[in-house]
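Note on naming: letters A, B, ... go to the chains in the order of the sequence lines (proteins, then strands), and numbering restarts at 1 for each one.
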There are 2 protein chains.
Amino acid sequence: MKKTVVTFGLLILSLLVFFQLSKYSFVSGGLKIEIVIAAVAIVFFIIGIYLNKRSLHQERPPEGELDLHKLKALDLSNREYEVLKEVSLGLSNKEIGEKLFLSESTIKTHVSNILVKLNAKRRTQAIQIAKEMRII
Amino acid sequence: MKKTVVTFGLLILSLLVFFQLSKYSFVSGGLKIEIVIAAVAIVFFIIGIYLNKRSLHQERPPEGELDLHKLKALDLSNREYEVLKEVSLGLSNKEIGEKLFLSESTIKTHVSNILVKLNAKRRTQAIQIAKEMRII
DNA sequence: CGCATTTTGGTACTTTAGTATGAGGTAGTT
DNA sequence: AACTACCTCATACTAAAGTACCAAAATGCG
């Protein structure tokens with residue numbers, strides 16, 4: 001909210017500067033009015049692009065962005081989170097075990113704990129929940 | 001590419017219009033130069049926002065957009081696609097059966113066929129593949 | 001150090017998932 | 001009518017996934 005005020009303040013300020021510029025050019029004849037107008041056009045064109053880009057990024061967090069708040073709130077341990085990511089890639093318990101140099105039963109333990117913490121019945125549901133929360 | 005040319009053509013045209021406007025106001029004194037400048041600022045500000053929005057949407061297809069080409073290329077049947085979506089929501093075969101008023105064995109058949117067509121070993125992998133292809 | 005948590009792993013068992021195969025019904029096509 | 005593709009369902013089996021319970025290391029912290 002604060003930023004919005006500041007931004008529009010700057011916008012109005014720059015408009016005023018252009019007013020002065022135009023008056024100056026009017027009196028001294030040193031600057032052509034076309035140049036002033038072109039400058040205004042370019043500056044505000046760029047400002048439009050810039051502001052729009054920022055607001056878009058705010059309203060839709062860029063895909064890969066993780067929600068670290070929710071991630072902490074779940075208190076998944078490091079290993080559990082690691083396993084969760086592998087699960088979401090579609091690996092079996094055995095494959096995850098081989099990838100992380102752990103036994104299959106260890107993975108089962110981790111997955112079981114993950115299901116409890118994510119409040120899921122199956123690993124597929126855990127994937128869905130995790131994606132919805134932007135945890136993975 | 002064509003659109004870009006047209007757009008910038010229009011941009012230059014509108015600038016010229018503003019030039020004429022300013023000259024007219026200069027001669028007749030009917031319009032104040034400030035108003036012209038303000039108009040230029042507003043118009044190009046809006047144009048900047050608009051163009052930026054369009055280009056952003058082009059480079060990053062808006063989340064929910066499905067890749068219909070790949071979807072057809074897989075030749076999943078209607079039912080199979082329907083089941084795939086339920087699988088991706090984390091439902092079990094039994095739950096999917098109840099939701100679609102089908103027996104569990106029917107769902108198993110569909111899932112098996114889906115796995116073959118998506119070239120996946122497990123349903124979790126099918127989910128991952130389908131999401132990567134923007135099929136679901 | 002002592003304590004709590006995490007990590008690892010095992011056994012035993014139940015539940016889902018997935019495969020293979022067959023088979024009856026429907027709908028559209030040639 | 002014959003053919004093809006799809007949808008449905010069943011049985012029988014194998015393979016994963018998941019639960020419950022236990023227990024020994026490893027780790028991190030006051």
Side-chain angles (χ1 to χ4, degrees), chain A residues 66-133 135-136, chain B residues 66-133 135-136:
Chain A
L66 298 179
D67 192 333
L68 297 175
H69 298 276
K70 287 182 186 164
L71 188 52
K72 280 179 199 159
L74 287 171
D75 63 77
L76 287 171
S77 72
N78 289 355
R79 263 312 200 204
E80 284 163 359
Y81 182 58
E82 208 167 349
V83 170
L84 174 59
K85 284 187 289 188
E86 301 298 338
V87 167
S88 80
L89 294 178
L91 300 186
S92 70
N93 290 334
K94 190 189 285 183
E95 287 170 338
I96 297 174
E98 285 162 4
K99 193 165 176 182
L100 301 182
F101 305 106
L102 297 173
S103 81
E104 192 188 342
S105 33
T106 303
I107 307 300
K108 282 190 177 185
T109 308
H110 287 318
V111 171
S112 254
N113 293 332
I114 291 170
L115 295 185
V116 172
K117 290 184 181 176
L118 285 195
N119 198 26
K121 290 181 197 156
R122 285 164 289 283
R123 50 169 54 208
T124 50
Q125 200 181 0
I127 294 174
Q128 161 73 3
I129 291 172
K131 292 214 166 153
E132 218 165 49
M133 291 175 112
I135 292 305
I136 51 174
Chain B
L66 299 180
D67 192 333
L68 297 174
H69 298 276
K70 287 183 186 163
L71 188 51
K72 278 178 199 159
L74 287 171
D75 63 75
L76 287 171
S77 73
N78 289 355
R79 261 315 199 203
E80 284 163 358
Y81 183 57
E82 207 166 350
V83 171
L84 174 60
K85 283 187 290 188
E86 301 298 339
V87 167
S88 80
L89 294 179
L91 301 186
S92 71
N93 291 335
K94 189 189 285 183
E95 286 170 338
I96 298 173
E98 284 162 4
K99 193 166 176 181
L100 302 182
F101 304 105
L102 297 174
S103 81
E104 192 188 342
S105 40
T106 304
I107 306 301
K108 281 189 179 185
T109 307
H110 286 317
V111 171
S112 253
N113 293 332
I114 291 171
L115 294 185
V116 172
K117 291 184 181 176
L118 285 195
N119 196 27
K121 289 181 198 157
R122 284 164 290 282
R123 50 168 56 205
T124 49
Q125 201 181 359
I127 294 174
Q128 161 72 4
I129 291 172
K131 292 215 163 154
E132 218 164 49
M133 292 175 111
I135 292 306
I136 51 173

Heavy atoms only: give me the nearest [X]-[Y] pair and the separation to one decimal.
X: B:Glu86; Y: B:Leu91; result: OE1-CD1, 3.3 Å
X: B:Ala120; Y: B:Ile129; result: CB-CD1, 3.9 Å
X: A:Leu84; Y: A:Ala130; result: CD2-CB, 4.2 Å
X: B:Val87; Y: B:Val111; result: CG2-CG2, 4.2 Å

Exercise. Between A:Thr109 and B:Val111, who's closer to the 5' end of DNA chain C by nearest nucleotide?
Worked result: A:Thr109
Exercise. Just how far is it from atom CG of B:Leu76 to atom NZ of B:Lys85, taken to the nearest 0.5 Å?
Worked result: 11.0 Å
Seminar exercise, completed: So CG of A:Leu102 and NZ of A:Lys94: to nearest 0.5 Å the spacing works out to 15.0 Å
Whole angstrom is fine here: how far is it from [atom1] in [X] over to [atom2] in [N]?
X: A:Glu95; N: D:dA17; atom1: CD; atom2: C1'; answer: 13 Å
X: B:Asn78; N: D:dA5; atom1: CG; atom2: P; answer: 16 Å
X: A:Leu100; N: C:dT6; atom1: CG; atom2: P; answer: 18 Å
X: B:Ile96; N: D:dC7; atom1: CD1; atom2: P; answer: 15 Å
X: B:Asn113; N: D:dC6; atom1: CG; atom2: P; answer: 10 Å
X: A:Gln125; N: D:dA17; atom1: CD; atom2: C1'; answer: 14 Å
X: B:Phe101; N: D:dC7; atom1: CZ; atom2: C1'; answer: 17 Å
X: B:Leu74; N: D:dC6; atom1: CG; atom2: P; answer: 13 Å

Counting just side-chain N and O atoms, does [X] come under 4.0 Å of either OP1 or OP2 of [N]?
X: A:His110; N: C:dT8; value: yes
X: B:Thr106; N: D:dC7; value: no
X: B:Asn93; N: C:dA17; value: yes
X: B:Ser77; N: D:dA5; value: no

For this session: Just call it for B:Ser105: base, sugar-phosphate, or nothing, with non-hydrogen atoms closer than 4.0 Å on any strand.
Result: base
Exercise. What nucleic acid atoms does A:Ser92 come within less than 4.0 Å of, heavy atoms only: base, sugar-phosphate, or nothing?
Worked result: sugar-phosphate
Exercise. If each of B:Leu76 and B:Lys108 is mapped to the nucleotide of DNA chain D with the nearest heavy atom, which maps nearer the 5' terminus, i.e. the 5' end?
Worked result: B:Leu76
For this session: Name every residue in residues 116-124 of chain B that has at least one heavy atom under 4.0 Å from any atom of DNA chain C, in order of residue number, or write none if there are no such residues.
Result: B:Arg122, B:Arg123
Exercise. Which one, C:dT16, C:dT8, D:dT19, comes nearest to the side chain of A:Arg79?
Worked result: C:dT8
Seminar exercise, completed: Side-chain atoms of A:Ser112 come closest, of D:dG18, C:dA17, D:dC6, to D:dG18
Exercise. Going by heavy atoms in the side chains, are A:Arg122 and A:Leu115 under 4.5 Å from each other?
Worked result: no
Problem set entry | Test item: B:Ile135 and B:Tyr81 side chains (from C-beta on) under 4.5 Å apart, heavy atoms | yes
